[in-house]
Amino acid sequence: MIEKFLARTEFDSYEDFKANYRLNIPENFNFAFDVIDEWARLDPKKPALVWVDGDGHEERLTFHDLMLRSNQAANFFAHYGIQKGDFVLLILKQRIEAWVCMLALHKLGAVVIPATFQLMPHDIEYRCNKANIRMICCVNEPELLHNIAQVRTQCHKLEQVAVVGGQIPSDCLDFRAEVQKHSTDFARPAGAQATCNDDLMLAYFSSGTTGMPKMIVHNYIYPLGHITTAHYWHQVQEGQLHFVSADSGWAKFGWGKIYGQWICGAVIVAYDTEGRFEPLHLLETLQRLRPATFCAPPTVYRFLIKEDLSNYDLSSLKKCTTAGEPLNPEVFYQFKRATGLEITEGFGQSETTVIIANFPWMPVKPGSTGKFSPLYDLDIVDENGNSCEDGIVGTIVVKNLDKQRPAGLLVEYYKDDAVNAEAFANNMYSTGDTAWRDGDGYIWFVGRNDDVIKCSGYRIGPFEVESALLTHPAVLECAVTAAPDPVRGQVVKATVVLARGWEGSDLLKKELQNHVKKETAPYKYPRIVEFVTELPKTISGKIKRKEIRLADQDK
């Protein structure tokens with residue numbers, strides 16, 4: 001399938017890849033029709049999805065199954081008035097309906113807004129009114145349904161709430177029962193109702209920790225941008241299982257559990273464990289399903305290396321990747337010692353596909369994010385927009401947008417002129433993330449601009465301090481943030497979760513501080529060390545450093 005969309009699929013080196021990677025973008029590309037339904041036409045028995053839950057239940061679907069189910073769902077949505085350009089909010093965890101609904105709405109030309117089940121009432125109201133959402137399709141979870149009910153009348157365009165599974169509230173639609181009433185035939189819309197490449201297809205809301213969430217919108221060529229993600233970074237294999245730890249409400253789902261992977265013909269694993277992460281259950285599931293490729297945030301790997309991996313048969317794994325935040329070198333080394341596998345890192349945002357990664361032709365430098373993707377014209381620039389020399393920290397940007405608007409880059413921040421003006425200044429898109437480049441072209445991530453700690457004239461990136469702490473056996477995981485200080489303005493704070501068998505004490509705090517002084521520049525050591533039982537995280541496992549920082553500011 002990827003041969004249809006690439007001028008070349010094989011390359012001799014990273015330099016060849018960077019210079020000659022070219023996408024062929026068809027007119028009026030629609031992922032649901034042109035990939036899912038096309039796979040179904042070519043081979044009705046071709047496997048597409050393996051759904052498993054925390055209790056060992058399993059269901060397997062082909063691309064033909066997905067075509068029929070998404071056709072039924074498209075007819076259901078159309079029956080209730082959803083049409084091209086309408087916004088629909090999906091809160092479906094990893095139910096099979098998450099994939100079915102996304103495909104159905106793509107076929108209709110409606111705009112999909114995936115969301116986490118952790119939304120509070122004000123979050124739901126804000127999203128509904130920002131996007132004029134006409135329907136919510138969600139899992140049957142009492143707290144979530146209660147939160148929706150609290151603000152339903154304040155959501156000005158919201159007409160229907162469709163619920164998947166369980167006892168359905170009287171004012172909601174039974175999604176599964178209603179869909180079964182509709183035909184499995186659905187003709188591709190034509191004329192004004194047909195989708196075009198420039199139409200909006202998908203929207204994500206940012207975390208909104210320091211302000212109201214921004215609405216990130218992508219168009220119909222966004223899935224093609226993920227060929228680089230799936231084929232050249234994840235290195236998925238046609239017909240083989242690809243296992244990603246990610247809930248459907250996050251952009252990592254789009255990165256790893258639908259678009260690029262299905263273009264490549266891989267079989268996606270739906271790991272529906274209700275948002276619970278249990279390392280032993282994950283290892284047992286990997287051993288049972290035998291996927292070829294696996295991707296998870298560094299948090300997951302940090303827990304896995306604390307288990308005895310020799311007790312599990314992970315020999316099916318050929319490629320392991322990570323994203324969401326930088327991978328600490330100590331985690332890389334311990335996982336490689338235990339499994340023989342190198343974890344290759346990738347970097348991007350909800351606004352992009354993968355923009356930096358460790359690609360096949362290059363040796364891994366533990367701690368580095370890799371090299372620039374050929375899909376984007378990327379650079380590291382200073383505050384004036386000038387390219388930084390090697391070794392100098394600057395902001396990662398996508399340049400020359402007037403010459404090339406890459407497939408995968410957001411269209412805009414929806415209805416937010418001020419944010420667009422800041423993000424797209426000087427013919428560039430600024431990621432807001434800082435890094436530096438070494439002499440070999442490898443990129444070394446420093447942190448979000450607002451995560452960098454400014455202490456006594458120094459600029460300190462949290463990643464390096466966290467990596468130093470993780471080389472101490474007492475540290476299971478940690479988050480390094482800026483804490484207010486009346487003299488220095490900010491000081492380095494380490495919030496630490498201890499490994500089994502360790503207890504927090506003043507003596508251990510001092511030991512960790514001295515350990516950091518030996519592992520990295522002494523001025524970077526954490527002047528504050530706090531022991532906690534767990535770190536605040538998103539459901540996808542990404543540490544919420546902003547939450548720690550804001551809590552300290554309120555003290």
Side-chain angles (χ1 to χ4, degrees), residues 297-299 301-302 305 322-335 343-347 356 358 364-371 380 382 388-396 431-483 485 488-497 509 511-530 535 542-546 548-549 552:
T299 295
Y301 288 106
R302 285 195 286 268
I305 61 175
T322 192
E325 55 187 357
L327 177 71
N328 311 96
E330 184 65 14
V331 179
F332 173 92
Y333 289 122
Q334 287 197 36
F335 190 79
I343 306 169
T344 53
E345 193 172 343
F347 167 79
I356 306 168
N358 286 276
V364 175
K365 288 188 179 183
S368 167
T369 312
K371 294 186 179 183
I380 296 174
D382 62 21
C388 292
E389 295 182 2
D390 291 348
I392 302 300
V393 175
T395 301
I396 304 165
T431 65
D433 290 292
T434 58
W436 57 277
R437 178 179 48 233
D438 69 18
D440 296 323
Y442 284 77
I443 309 302
W444 299 79
F445 190 82
V446 174
R448 290 290 300 172
N449 277 330
D450 50 3
D451 281 339
V452 174
I453 303 160
K454 304 173 183 69
C455 177
S456 300
Y458 294 108
R459 288 171 58 86
I460 302 168
F463 175 59
E464 187 174 1
V465 184
E466 291 169 358
S467 295
L469 281 164
L470 282 167
T471 62
H472 192 286
V475 180
L476 174 62
E477 57 179 348
C478 60
V480 167
T481 54
D485 183 83
R488 296 178 177 84
Q490 294 180 337
V491 294
V492 178
K493 176 189 176 182
T495 306
V496 176
V497 178
K509 288 181 182 180
E511 183 178 333
L512 293 176
Q513 289 171 328
N514 289 332
H515 181 77
V516 171
K517 289 178 183 178
K518 294 175 184 176
E519 292 290 317
T520 187
Y523 69 86
K524 298 179 181 180
Y525 85 93
R527 295 176 183 272
I528 301 172
V529 177
E530 180 182 359
L535 296 173
K542 188 174 181 178
I543 296 171
K544 298 162 74 173
R545 291 170 183 80
K546 288 181 181 178
I548 298 171
R549 192 170 64 243
D552 287 335

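All values below come from the heavy atoms of this structure, side chains included, with hydrogens, waters and symmetry mates left out. This is a predicted model, so every value here is computed, not measured.
- Judged by distance alone, the side chains of S467 and N328 do bring a donor and an acceptor atom under 3.5 Å apart.
- A distance of 7.0 Å separates SG in C478 from CD1 in I543, rounded to the nearest 0.5 Å.
- The two residues D390 and G439 make their nearest non-hydrogen contact at OD2-CA, 3.5 Å.
- Between T322 and Y301 there is a side-chain heavy-atom pair separated by less than 4.5 Å.
- The minimum heavy-atom distance between I380 and A435, with the atom names listed, is CG2-O, 3.5 Å.
- Contact check for P366 versus Y333: side-chain heavy atoms found under the 4.5 Å cut-off.
- Contact record, L535 with A479: CD1-N, 4.1 Å, taken as the closest heavy-atom pair.
- Contact annotation: the side chain of K371 never approaches that of I356 to less than 4.5 Å [non-hydrogen atoms, C-beta and beyond].
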Next on the checklist: The test is side-chain contact (heavy atoms from CB on, under 4.5 Å); show your working for D382 and I392 and say whether it passes.
Outcome noted: CA-CA 9 Å; D382 62 21; I392 302 300; over 6 Å; no
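- Under a 3.5 Å cut-off, the side chain of R545 and the backbone N or O of P462 do not form any donor-acceptor pair.
- P298 and A323 get closest at one heavy-atom pair: CD-O, 3.5 Å.
- Remark: of the listed residues H515, E511, E330, E511 is the sole one forming a side chain to side chain donor-acceptor pair (under 3.5 Å) with H472.
- The CZ atom of R527 sits 9.0 Å away from the CD atom of Q513 when rounded to the nearest 0.5 Å.
- Using a 4.5 Å cut-off on side-chain heavy atoms (C-beta onward), V516 and L512 make no contact.
- Taking both residues in full, the closest heavy atoms of T431 and I396 are given as OG1-O, 2.7 Å, listed atom of the first, atom of the second, then distance.
- Side-chain contact of E464 with T520: a donor-acceptor pair under 3.5 Å is present, judged by distance alone.
- In this structure, CG on D552 lies 11.0 Å from CD on Q490, to the nearest 0.5 angstrom.
- Listed for the E466 side chain is a donor-acceptor partner under 3.5 Å among the backbone atoms of V480.
- Annotation: the span from T481 atom OG1 to K546 atom NZ amounts to 13.0 Å, rounded to 0.5 Å.
- Using a 4.5 Å heavy-atom threshold, the side chains of W444 and D438 count as touching.
- In this structure a side-chain-to-backbone donor-acceptor pair under 3.5 Å is present from N358 to T369.
- Residues T395 and D433 have side chains not in contact (no heavy-atom distance under 4.5 Å, counting atoms from C-beta outward).
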Checklist entry - Could you go step by step and tell me if K524 and V492 meet the side-chain contact (heavy atoms from CB on, under 4.5 Å) rule? => result CA-CA 7 Å; K524 298 179 181 180; V492 178; 5.7 Å; no
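- Taking 4.5 Å as the limit, some side-chain heavy atom of K493 sits within range of a side-chain heavy atom of E530.
- Nearest heavy-atom pair, P326 versus E345, reported as atom, atom and distance to 0.1 Å: CA-OE2, 3.1 Å.
- Between K365 and D440 there is a salt bridge, since at least one side-chain N of the basic residue sits less than 4.0 Å from a carboxylate O of the acidic one.
- For F445 and F347, the ring centers are positioned less than 6.0 Å apart.
- The distance from the CZ atom of F332 to the CG atom of L327 is 8.0 Å, given to the nearest 0.5 Å.
- One distance of note links OG1 of T495 with CZ of R549; it measures 11.5 Å at 0.5 Å rounding.
- Looking at heavy atoms from C-beta onward, F463 lies out of side-chain contact with V446 at the 4.5 angstrom threshold.
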